[in-house]
Number of protein chains: 2
Amino acid sequence: MSANSRLTIAAHALAWIGLYQRQGHEVATSEQVAASANTNPVVVRRLLGELRRAGLVESRRGAGAGWSLARELGSITLLDVYEAVEPGPLFAMHRTTPDQGCVVGHGIQPAMRGIYQDIEETLRHELARVTLEKVLRDVLAAPRQPL
Amino acid sequence: MSANSRLTIAAHALAWIGLYQRQGHEVATSEQVAASANTNPVVVRRLLGELRRAGLVESRRGAGAGWSLARELGSITLLDVYEAVEPGPLFAMHRTTPDQGCVVGHGIQPAMRGIYQDIEETLRHELARVTLEKVLRDVLAAPRQPL
DNA sequence: CCTGTCGTAACGATTATGGTTACGACGGCC
DNA sequence: GGCCGTCGTAACCATAATCGTTACGACAGG
């Protein structure tokens, strides 16, 4: 499917910022998040920008600038993040219109549209069950490095 | 997500072949299916080849060659087709290893892996609920062209 | 005014998809 | 045995998305 890591990186960023704020800090910088995710600050700023448009985070400019959560981790779900950073549908229709003179060509798109809608609805429901609070909890539950 | 149409075209091909066989024909050619789906015969052959590897269809070569179902439409589910034509996972991890010295960087991948596994399991369950028999039924139920 | 960070444009590398052409392999049929 | 239609598959290209990177203006606090 040529999956992408946008949802993963966005969740990583939110978890990082949430934990950082619980440690008493006001804002986190894209550079800090990028260092943790081992990627480029611009990639982080782009994704956080989409999360800001969705009302999940806020940004401050100027000196001492950075990012902060606009909502509690417990009130943000993976569905919120998914909708913020993943534009299109899960499955695509034909790139060109099927032969409308053929019975199958005529009926296939309405049929698949209905089926895909049900499936995506279920996916959204599953994503909505996972809060970023749970993500951070799972992150912190990972076994420590053995020495 | 840059969704693709592989599942859609594969389902289209199976429905077309199934209906064609119910009309008394032995085999269907990639050219016929491609005409209905309004794409190139090679694209159809490539997808049908993957379905053949999964044991869903059979192909005959030589004169009077073509494709036929290896199973009844009622015993093929969208999950079978999905697994045959969609290689990767739905969501990807980071392209590079996150900073293992950071608590979040260290725990994020195990955490997301578990969450993604649950979600994909639900998706597979939903796909398994839809048989190609139902797809064809929905296709034939599409409203006829009004004149 | 200086400095650190955001915001965003621009570009390139990489990858997946899908369309196309080409051609050998195969197997019924005359 | 040769012909012909179809599969099987390689090769190539166009397109698009993602991700990394560089660059630079905008902004605000000290």
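Within every chain, numbering begins at 1; the chains are lettered A, B, ... in the order of the sequence lines, protein sequences first and strands thereafter.
Between Arg52(B) and Thr96(B), the residue anchored nearer the 5' end of DNA chain D, judged by the nucleotide with its closest heavy atom, is Arg52(B). Across the interface with DNA chain D, nearest-nucleotide mapping of Arg60(A) and Arg53(B) shows Arg53(B) to be the residue nearer the 5′ end. Taking the nucleotide of DNA chain C with the nearest heavy atom to each of Val42(A) and Leu47(B), the more 5' of the two is matched to Val42(A).
Salt-bridge formation is detected for the pair Arg71(B)/Asp80(B): a Lys NZ or Arg NE/NH1/NH2 atom is positioned less than 4.0 Å from an Asp or Glu carboxylate oxygen. With respect to Glu50(A) and Arg53(A), no salt bridge is recorded, no charged nitrogen being found less than 4.0 Å from a carboxylate O. A salt bridge does not link Glu86(A) to Arg124(A): none of the charged side-chain nitrogens sits closer than 4.0 Å to a carboxylate oxygen.
Within the nucleic acid shown, Gly64(B) has no heavy atom closer than 4.0 Å to any nucleic acid atom.
The side chain of Thr29(A) contributes no N or O atom lying less than 4.0 Å from OP1 or OP2 of dG4(C). Residue Ser59(A) places no side-chain N or O under 4.0 Å from the OP1 or OP2 atom of dC6(C). Close to dG18(C), at under 4.0 Å from its OP1 or OP2, lies a side-chain N or O of Ser5(B). Side-chain N/O atoms of Arg45(A) include none lying less than 4.0 angstrom from OP1 or OP2 on dG7(C). Taking only side-chain nitrogens and oxygens, Arg61(A) never comes nearer than 4.0 Å to OP1 or OP2 of dG4(C). The side chain of Thr39(A) contributes no N or O atom lying less than 4.0 Å from OP1 or OP2 of dC19(D).
Straight-line distance from the CG atom of Asn40(B) to the P atom of dC13(D): 17 Å, rounded to whole Å. Nucleotide dT5(C) holds its P atom 19 Å from the CD atom of Glu58(A), rounded to whole Å. In this entry the distance linking CD of Glu31(B) with C1' of dT20(C) reads 14 Å, nearest Å. When rounded to the nearest whole Å, the span between CH2 of Trp67(B) and P of dT6(D) equals 14 Å. Look at CZ on Arg6(A): it is 11 Å from P on dG20(D), rounded to the nearest Å. His94(A) has its NE2 atom 10 Å from the P atom of dG19(C), to the nearest Å. If you take CG of Leu48(A) and P of dT8(C), they are 13 Å apart, rounded to a whole angstrom. If you measure from atom CD1 of Ile17(B) to atom C1' of dT6(D), you get 14 Å, rounded to the nearest angstrom.
Evaluation of atom-type donor-acceptor distances gives a pair under 3.5 Å for the side chain of Arg46(B) against the base of dG19(C). One cannot find a donor-acceptor pair under 3.5 Å joining the base of dG18(C) and the side-chain atoms of Arg95(A).
Between His25(B) and Tyr20(B), the ring-plane angle classifies as parallel under the 30° and 60° cut-offs.
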Determine whether Thr39(A) and Thr96(B) satisfy the following criterion, side-chain contact (heavy atoms from CB on, under 4.5 Å), listing intermediate values before the conclusion. CA-CA 8 Å; Thr39(A) 182; Thr96(B) 60; 5.5 Å; no
